[in-house]
Amino acid sequence: QSDHWVLGQLPDQGPSPLFAQFGLAARHSVPRHGGESVAEVLRAHGVKFVFTLVGGHISPILVACEKLGIRIVDTRHEATAVFAADAVARLSGTVGVAVVTAGPGLTNTVTAVKNAQMAESPVLVMGGAAGTLLQGRGALQDIDQMSLFKPLCKFCASVRSVREIIPTVRKALAIAQSGTPGPVFIEFPIDTLYPFHLVSKEFGVKNPPKGIMGKIVTWYLHNHLNNLFAGAWETRDLFPLPVHIPQATDDQVQKCIELVSRAKKPVILLGSQATLPPTPADNIRMALESLGIPCFLGGMSRGMLGRDSALHIRQNRRDALKDADLVLLAGTVCDFRLSYGRVLSRHSKIIAVNRDKTQLLKNSDMFWKPTVAIQGDAGSFLIRLSQGLKGHKCPEDWPQSLKAGDVIKEKADEKTDHHLNPLRVLHRVDELMADDSIIVADGGDFVGSAAYILKPRGPLRWLDPGAFGTLGVGGGFALGAKLCRPESEVWIIYGDGSLGYSVAEFDTFTRHKTPIIALVGNDACWSQISREQVPILGSNVACGLAFTDYHIVADGYGGKGVQIGRKDEDKLDDLIKEAQKETREGRATLLNVLIGKTNFREGSISV
């Protein structure tokens, strides 16, 4: 079943336009509008939040959603609205929803939508558009939006009449979650959202041409208007359509049981896909513990085994893969992160499980070859594998030998010439972070170090952009996370470069009472790039920033900002605890930590 859909016959679309006009009447006197239909479908699907940056094209959707109890959360940039919807999708197991206005409102979301596509997040983006008769005629903010979004989304539709709204939104929500999850897009021309009496004023011909041409134009406009609203308010099913999730066959699972049972040095590489519904993350954790196989966790799967599991290996992955006799890629892809598959030993048996066929076999024609390739859900597969291997356990000396390497690499004894050692700062944060914390990663060099040092306390407590490596996700991801888990401590780990993309969302955190903690590793540099550019090309051009007073920016947006330098090293713990106290009392806090250079990330990739 293809993951790419086009708008064809929609379920439950109601009567034909002609029959609706003459047989059922359009009920033009009804003071309803298309935004109400959108809101009714979203409520029936359990949507709790809609993220937006307001615009006249989409106002009916926002007003109707608020009236039905769906919380409207407006941000300072449209990309943030989509990033927030992405975070809600990941943490809630439902579809995240963003609504933005036409033209530049939609083009501002393109990076965030592409990020959701590559991260396999089910996000519904709804955008306004010029009226149905004005598209292509130079209307305000009128561009070919469908051509922009078709390469980014599993499903794109442009609603052409009010009666199409309910079946189109239902279909989009189902497709977003089916197969390999991903973003979907619906375009709403402005005349499909506003009430009939307002739209009819716009369609009215003030001074129609005389003669037969005038009559034709008047008839055409009247007919178009009637068709636009024909059958609009007929009763339709609002509730969710079935969602298709691919599963491994019994024969495939059995073959894998036999391979794992014979392995002496197996390794599991767990990717974000393993956290997708329908399998609860805690069930997957229990399955992994039952198997006893050492695991490397990536993306959303970080934290799957808790903070200090003996099975979670954090360092020296390349060496472990060289020694392993079996490797299970559970939602992990052989892209740049695994050196396109070149890190896998040709002597290892390889089991690959992925919902997406292209990702499942990526680079298998070049650098690696799966022993068993399964197009199916990784989480469900792990449950079935552990059930088939009850009583079997991986030899304990294998994970113990791998775990020993973690302790050596993660020491933070190195002294920096200036400012604070970033590793020491991260170790202190890790020690003091609340057990219910959610960590949002947004940056390059500093965040790369944090990925090794900070230990998420449990499943679904780590959010990073994913394979696209997008900077700027921090504000939106944290906003979505805090709304989904208001009781949790939410940390954004920022580089000073990436902070610039979403620091304005401190205004959003303040207005919507979503207090978070932002930890900014401020080394006045795009260090991830500089680390390679300087030794290779001999220049630091465009890599330098300043030790900017970002804490004052946070203050200006209604938050609480604190600068921390070397003079504050002895009271670092107290400053972190004070930030935690501020957020508990309802105030978003930014720690502007001045950090020095270390060699911890030497050899890391930026291209």
Side-chain angles (χ1 to χ4, degrees), residues 86 90 114-121 180-182 267-276 294-305 312-324 327-346 348 350-370 373 378 402 405-406 409 439-454 456 462-471 473 477 493 495 498 528-529 531-532 600-607:
D86 185 339
R90 299 187 196 197
K114 182 63 184 180
N115 194 82
Q117 181 192 45
M118 294 189 67
E120 300 172 348
S121 291
T180 305
V267 166
I268 295 176
L269 271 59
L270 206 66
S272 296
Q273 265 197 21
T275 66
L276 292 173
C295 299
F296 290 90
L297 308 178
M300 283 292 294
S301 74
R302 294 176 189 269
M304 181 66 76
L305 291 167
H312 180 196
I313 314 301
R314 302 165 63 86
Q315 311 286 354
N316 305 315
R317 184 176 67 181
R318 185 181 290 267
D319 293 338
L321 292 174
K322 190 190 304 180
D323 293 339
V327 178
L328 170 53
L329 304 174
T332 298
V333 182
C334 287
D335 55 17
F336 70 94
R337 293 166 292 184
L338 284 180
S339 192
Y340 309 99
R342 286 176 293 196
V343 295
L344 300 175
S345 170
R346 295 188 180 276
S348 302
I350 300 172
I351 300 169
V353 187
N354 200 293
R355 293 194 187 190
D356 185 277
K357 188 174 182 181
T358 301
Q359 301 288 62
L360 173 68
L361 301 174
K362 192 173 285 294
N363 296 309
S364 64
D365 58 336
M366 294 278 289
F367 302 118
W368 69 288
K369 191 74 67 180
L402 296 178
D406 285 6
K409 188 164 183 180
I439 304 166
V440 174
D442 185 9
D445 203 68
F446 184 62
V447 168
S449 297
Y452 284 101
I453 305 300
L454 300 182
W462 173 276
L463 290 165
D464 65 26
F468 204 28
T470 308
L471 295 181
V473 302
F477 277 13
I493 312 301
S498 62
Q528 178 95 343
I529 309 304
R531 194 181 291 281
E532 292 179 325
F600 184 74
R601 295 270 295 153
E602 197 168 319
S604 62
I605 60 170
S606 60
V607 292

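All heavy atoms count here, side chains included; hydrogens, waters and symmetry mates do not.
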Which heavy atom of [X] sits nearest to which heavy atom of [Y], and what is that distance?
X      : Y      : result
Trp462 : Ala441 : CZ2-CB, 3.7 Å
Ala378 : Ala274 : CB-CA, 4.2 Å
Pro465 : Asn115 : O-ND2, 3.1 Å
Ser121 : Asp86  : OG-OD1, 2.7 Å
Ser301 : Gly298 : OG-O, 2.7 Å
Leu297 : Gly303 : CD1-N, 4.0 Å

Item to check | All side chain to side chain contact (heavy atoms under 4.5 Å, CB included) counterparts of Leu276, not counting sequence neighbours | outcome: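 Pro181, Gln273, Arg355.
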Quick one, [X] and [Y] - any side-chain contact, counting heavy atoms below 4.5 Å?
X      : Y      : answer
Arg302 : Pro456 : yes
Thr275 : Arg90  : no
Pro294 : Ile268 : no
Ser345 : Lys322 : no
Leu361 : Pro370 : yes
Leu270 : Phe296 : no
Asp464 : Val440 : no
Ser348 : Leu321 : no

Item to check | Residues Lys362 and Asp335 bridged, charged N to O under 4.0 Å | outcome: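 The answer is no: the pair does not qualify as a salt bridge.
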Next on the checklist: Given Trp368, which partner from the list Val327, Val343, Leu329 fulfils the side-chain contact (heavy atoms from CB on, under 4.5 Å) test?
Outcome noted: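 Only match with Trp368 under side-chain contact (heavy atoms from CB on, under 4.5 Å): Leu329.
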So, [X] side chain and [Y] main chain: donor-acceptor pair closer than 3.5 Å or not?
X      : Y      : result
Ser272 : Gly299 : no
Arg531 : Gln528 : no
Asp356 : Gln359 : yes
Thr332 : Leu269 : yes

Checklist entry - side-chain contact (heavy atoms from CB on, under 4.5 Å) between Tyr340 and Met366: does it pass, once the steps are laid out? => result CA-CA 9 Å; Tyr340 309 99; Met366 294 278 289; over 6 Å; no
Checklist entry - Are Phe468 and Lys114 close enough, and set up right, to give a side-chain contact (heavy atoms from CB on, under 4.5 Å), and what steps lead you there? => result CA-CA 8 Å; Phe468 204 28; Lys114 182 63 184 180; 3.6 Å; yes
Next on the checklist: Are there over 12 heavy-atom neighbours, none belonging to Arg318, within less than 6.0 Å of that residue's CZ?
Outcome noted: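 Counting neighbours around CZ of Arg318, 12 or fewer heavy atoms of other residues, nucleotides or ligands fall under 6.0 Å, so no.
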Next on the checklist: Apply side-chain contact (heavy atoms from CB on, under 4.5 Å) to residues Ile439 and Leu463 and explain how you reach the verdict.
Outcome noted: CA-CA 6 Å; Ile439 304 166; Leu463 290 165; over 6 Å; no
What distance do [X] atom [atom1] and [Y] atom [atom2] have between them, rounded to the nearest 0.5 Å?
X      : Y      : atom1 : atom2 : answer
Leu360 : Thr180 : CG    : OG1   : 10.0 Å
Met304 : Cys295 : CE    : SG    : 9.5 Å
Leu402 : Asp323 : CG    : CG    : 8.0 Å

Item to check | Stepwise side-chain contact (heavy atoms from CB on, under 4.5 Å) test for Asp442 and Ile493 | outcome: CA-CA 6 Å; Asp442 185 9; Ile493 312 301; over 6 Å; no
